A.B. asks: 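Supplied in structure tokens, the structure appears directly below.
Note that the coordinates shown come from a computational prediction; the quantities given were computed from them, not determined experimentally.
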Protein chains: 2
Amino acid sequence: MARPARVSPDEILNAAAREFADRGFAGARVDRIARRAAVNKAMLYYHFKSKQQLYRTLLRRMFTLAAERLNAIARADASPAVKIDRVIAGFATIIQEHPVFPAIMLREVAEGGAHLDRPTLAALASVPRLVAAIVEEGVASGAFRAIHPVFAYFSLLAPLVFYLAGTPIRKEISSLHLINLRALSAADFVRAMQQATRRSFAPDPPARAAR
Amino acid sequence: MARPARVSPDEILNAAAREFADRGFAGARVDRIARRAAVNKAMLYYHFKSKQQLYRTLLRRMFTLAAERLNAIARADASPAVKIDRVIAGFATIIQEHPVFPAIMLREVAEGGAHLDRPTLAALASVPRLVAAIVEEGVASGAFRAIHPVFAYFSLLAPLVFYLAGTPIRKEISSLHLINLRALSAADFVRAMQQATRRSFAPDPPARAAR
DNA sequence: GTCTATACTTCGATAGAC
DNA sequence: GTCTATCGAAGTATAGAC
């Protein structure tokens, strides 16, 4: 008694994610999302009341997923430095599992959150809050020097997102021979981020016989 | 014999910069650009043959300006570490002089350079090339540890752009009381970036009596 | 739940007078 | 160089049959 194959809203959301990542909210075409999901437009509007609501649902999911991963890292029994290593690797893992995330994040930052409602913004806000909690824990315990949690958040997340979202443009620039740069894989980039952050967050060695 | 006040293409470009920053290429409306520049649409099309050409002209200017500033820094007589401090401050200065830049950069990275032609991409590519030259100089002289130039470029630029472009969404999140974070001015952020980068790039102290 | 056809709107771009 | 008026294309969303 197999149920007839039903088009799940999930397939629409996946198609929407690719379209919004490629073209942004304004550039995304509802027709194209429907075609990518192998659904007709009316079906899409049956599951989601508008392009905007589809977008909000998608972003709320993204942010919630990231917050759940970060929450697991923050609650684990590990030193702040190890947690920060895991945060960096965790962001990279999420992005590799969902290659559309960086472009969507970049665009939404540029939009100033214009298409987001309160619950979506709340889901978004929990991401920096969790990172800040780890940083503050490390600063309080002396594992880190005095780092501003907001600075920590941006210096951790931004290079990863920028680098990974920038892969297409980097490929284009290098295929036009406009610049010749040594290869740098995503895994290399993560390791470089971890090394740089460990050095950047480390407390100063106490001045010899201070005071 | 004052010339009659003529609408300069520059005013159209300034209006276009704000519109493209606020809404992206796809979301930008030619009518709105014209209205913002106090010009009618036909006038705009008299100076620029299409929305795309207007966009390309704008971005080529942006990248060229940034490359010129970086070039002056790279050629100066200073240590690599000081040059990197100046690169960070220089990016921040350019952004403060042109507050529309971050959003446009974020969007263009997300677009994968889709709207750019070869000369515009060439202007863009010279920015990471100049940063890479400074980093490679520092690595070669022993002033820096072995830093990958591409990693250096992204870890310098991305946090600044992300942080400054994210100001509107940060204000919205904090005005909704979704998160309560200590203030962090742009100048503070620049100083934090400089400190973090100096620590991150510094060479390892030689192991005591190694070998 | 699923589809076709279409109403209504808005946009990029141009024609043509001055 | 500058303007008004408008065209044709393309977009979001819905009506209504099945």
A.B. asks: Out of C:dG12, D:dG1, D:dA13, which has the shortest distance to the side chain of B:Met43?
C.D. replies: D:dG1
A.B. asks: Rounded to whole angstroms, how far apart are CZ on B:Phe48 and P on C:dG12?
C.D. replies: 16 Å
A.B. asks: Check the distance between C:dG16's P and B:Lys41's NZ and give it to me in whole angstrom.
C.D. replies: 17 Å
A.B. asks: Between A:Tyr45 and D:dT14, is there a contact of a side-chain N or O with OP1 or OP2 at under 4.0 Å?
C.D. replies: no
A.B. asks: Looking only at side-chain atoms of B:Tyr46, point me to the closest of C:dG12, D:dT2, C:dG1.
C.D. replies: D:dT2
A.B. asks: In terms of side-chain heavy atoms of A:Ala42, which of D:dA15, D:dT12, C:dG12 is nearest?
C.D. replies: D:dA15
A.B. asks: Hey, what's the ring geometry for B:Tyr55 with B:His115, parallel, tilted or perpendicular (30° and 60° as the breaks)?
C.D. replies: perpendicular
A.B. asks: So that I can tick it off, tell me whether A:Asp188 and A:Arg182 are bridged by a salt bridge, with the cut-off set at under 4.0 angstrom between side-chain N and carboxylate O.
C.D. replies: no
A.B. asks: Is A:Asn40 near enough to C:dC3 that one of its side-chain N or O atoms lies under 4.0 angstrom from OP1 or OP2?
C.D. replies: yes
A.B. asks: Between P on D:dA13 and CG on A:Leu44, what's the gap in Å once rounded to a whole number?
C.D. replies: 10 Å
A.B. asks: Is it the case that the side chains of B:Thr167 and B:Arg170 hold a donor-acceptor pair, with the cut-off being a distance below 3.5 Å and no angle test?
C.D. replies: yes
A.B. asks: State whether the side chain of A:Lys83 and the backbone N or O of A:Ala74 hold a donor-acceptor pair below 3.5 Å, judged by distance alone.
C.D. replies: yes
A.B. asks: Quick one, which residues of residues 15-29 of chain B touch DNA chain C with a heavy atom under 4.0 Å?
C.D. replies: B:Ala28, B:Arg29
A.B. asks: Rounded to the Å, how far apart are A:Lys51 NZ and D:dA10 P?
C.D. replies: 16 Å
A.B. asks: Just by distance, no angles: are the side chains of A:Arg129 and A:Ser126 close enough, under 3.5 Å, to form a donor-acceptor pair?
C.D. replies: no
A.B. asks: If I take atom CD1 in residue A:Ile33 and atom C1' in nucleotide D:dA13, what distance separates them, rounded to the nearest angstrom?
C.D. replies: 13 Å
A.B. asks: Given 3.5 Å as the limit, does a donor-acceptor pair link the side chain of A:Arg29 with the main chain of A:Ala34, or not?
C.D. replies: no
A.B. asks: Distance check needed: D:dT2 C1' versus B:Arg35 CZ, whole Å only.
C.D. replies: 18 Å
A.B. asks: Round to a whole Å and report the spacing from CD of A:Gln53 to P of D:dA13.
C.D. replies: 11 Å
A.B. asks: Could you verify whether a donor N or O on one side chain and an acceptor N or O on the other, from A:Arg60 and A:Thr120, lie under 3.5 Å apart?
C.D. replies: yes
A.B. asks: From CG of B:Leu54 over to C1' of C:dC11, roughly how many Å is that when rounded to an integer?
C.D. replies: 15 Å
